[in-house]
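Following: one structure in structure tokens, then a few remarks.
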Amino acid sequence: MRIQNVFIFLLLAIFAISAIFLTALSAQVYRDTVDTSNRNNEARVVSAIVRGAAQGEDAGIASIREERGLKVLTFTNDYDGEIYLHRLYCEDGYLRESLTSEDRDFDEETGEPLIALSAFEPELSGNLLTVKATLPDGREEMIYAYLRAGGAAE
């Protein structure tokens, strides 16, 4: 009778240890999945912002400007005779967006922070917009957008 009790106890102990091990393993797999998803989400958000700006402002003229030591992607649009500038730039660890009239001076601190970003390097080659964005973890993402209607400033 004693051997039978020991066997039942060992069987329950093996079951408990297996359950704890599987729970810990599942938690780690879940944590890794969430981390990977968050990293991919950051890259998708930056890409969506740049492509959205390029497509949303496609009737305007795109240019790369050096303003206060920052490389700024600028879309210039005419709305009912008023010129507006839509700017994307990286400042203070964030990709920022600014929409102002042409007569207002650029102020990098007034732009809306959109997402954490280490570097933002836009380039224009004809109507092809290429942006190298460096995420906070050091990964570099290349984003390409073709400017159809307005195009790039010559």
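For reference, positions follow the sequence shown, starting with 1.
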Worksheet item: If we only count heavy atoms from C-beta on, is the Asn77 to Tyr79 side-chain gap below 4.5 Å?
Response: yes
Worksheet item: Does the side chain of Ile49 reach to within under 4.5 Å of the side chain of Leu95, using non-hydrogen atoms?
Response: yes
Fill in: Note, Tyr84 side chain near Glu82 side chain (heavy atom, < 4.5 Å)
yes
Worksheet entry | Side-chain donor/acceptor of Arg65 to backbone N/O of Lys71, under 3.5 Å | no
Item to complete: Decide side chain to side chain contact (heavy atoms under 4.5 Å, CB included) for Phe75 and Leu147; before the verdict, give the C-alpha distance in whole Å, the side-chain angles of both, and the deciding distance to 0.1 Å.
Response: CA-CA 11 Å; Phe75 295 95; Leu147 307 172; 4.2 Å; yes
Worksheet item: Tell me, do Thr100 and Arg87 make a side-chain contact under 4.5 Å, heavy atoms counted?
Response: yes
Worksheet item: Can you say whether the rings of Tyr89 and Phe106 are parallel (under 30°), tilted (30 to 60°) or perpendicular (over 60°)?
Response: perpendicular
Worksheet entry | Non-hydrogen side-chain atoms of Leu128 and Thr130 separated by less than 4.5 Å | yes
Item to complete: Answer yes or no: are there more than 12 heavy-atom neighbours, outside Glu109 itself, under 6.0 Å from its atom CD?
Response: no
Worksheet item: Can you get from Leu70 to Leu85 by hopping between Ile, Leu, Val, Met, Phe, Trp and Tyr side chains that sit under 4.5 Å apart?
Response: no
Item to complete: Evaluate the side chain to side chain contact (heavy atoms under 4.5 Å, CB included) criterion for residues Val72 and Ile64: first the C-alpha distance (whole Å), next the side-chain angles of each, then the deciding distance (0.1 Å), finally the verdict.
Response: CA-CA 6 Å; Val72 180; Ile64 309 293; over 6 Å; no
Worksheet item: Okay, side chain of Ser37, backbone of Thr33: is any donor-acceptor separation there less than 3.5 Å?
Response: no
Worksheet item: Say you draw a straight line from CG of Asp35 to CZ of Arg31; how long is it, rounded to the nearest 0.5 Å?
Response: 8.0 Å
Worksheet entry | Between CD1 on residue Ile17 and CG on residue Leu10, distance to nearest 0.5 Å | 9.5 Å
Worksheet item: Looking at Glu91 and Arg96, does any basic side-chain N land under 4.0 Å from a carboxylate oxygen?
Response: no
Worksheet item: Taking the side chain from Ser47 and the backbone from Ala43, do they hold a donor-acceptor pair closer than 3.5 Å?
Response: no
Fill in: Reported CD-to-OG1 distance for the pair Glu140 and Thr134, which is rounded to 0.5 angstrom
4.5 Å
Discussion item. If hydrophobic clusters are built by linking Ile, Leu, Val, Met, Phe, Trp and Tyr wherever their side-chain heavy atoms come under 4.5 Å apart, do Ile143 and Leu129 end up in the same one?
Written reply: yes
Worksheet item: Does Arg139 pair with Glu42 as a salt bridge, N-O distance under 4.0 Å?
Response: yes
Worksheet item: Can you tell if the side chain of Tyr94 reaches within under 4.5 Å of the side chain of Leu114, non-hydrogen atoms only?
Response: no
Worksheet item: So, the side chain of Asp78 versus the backbone of Ile83: is there a donor-acceptor pair under 3.5 Å, distance only?
Response: no
Practice prompt. Begin with the C-alpha distance, continue with both residues' side-chain angles, and end with the deciding distance and a verdict on side chain to side chain contact (heavy atoms under 4.5 Å, CB included) for Leu117 and Val46.
Written response: CA-CA 9 Å; Leu117 200 64; Val46 171; 3.9 Å; yes
Discussion item. Just verifying a value: how many Å separate Ile115 CD1 and Cys90 SG, rounded to the nearest 0.5 Å?
Written reply: 11.0 Å
Practice prompt. List the atom of Ser98, the atom of Gly111, and the distance in Å for their closest heavy-atom pair.
Written response: CB-CA, 4.2 Å
Discussion item. Working to the nearest 0.5 angstrom, can you tell me the gap between Glu102 CD and Thr74 OG1?
Written reply: 11.0 Å
Practice prompt. Check whether Leu73 and Leu135 end up in the same hydrophobic cluster, where Ile, Leu, Val, Met, Phe, Trp and Tyr are linked by side-chain heavy atoms less than 4.5 Å apart.
Written response: yes
Practice prompt. Give the C-alpha distance, both sets of side-chain angles, the deciding distance and a yes or no for side chain to side chain contact (heavy atoms under 4.5 Å, CB included) between Phe120 and Val50.
Written response: CA-CA 10 Å; Phe120 181 75; Val50 171; 3.9 Å; yes
Practice prompt. Could you tell me whether the side chain of Thr110 and the main chain of Asp107 form a donor-acceptor pair under 3.5 Å?
Written response: yes
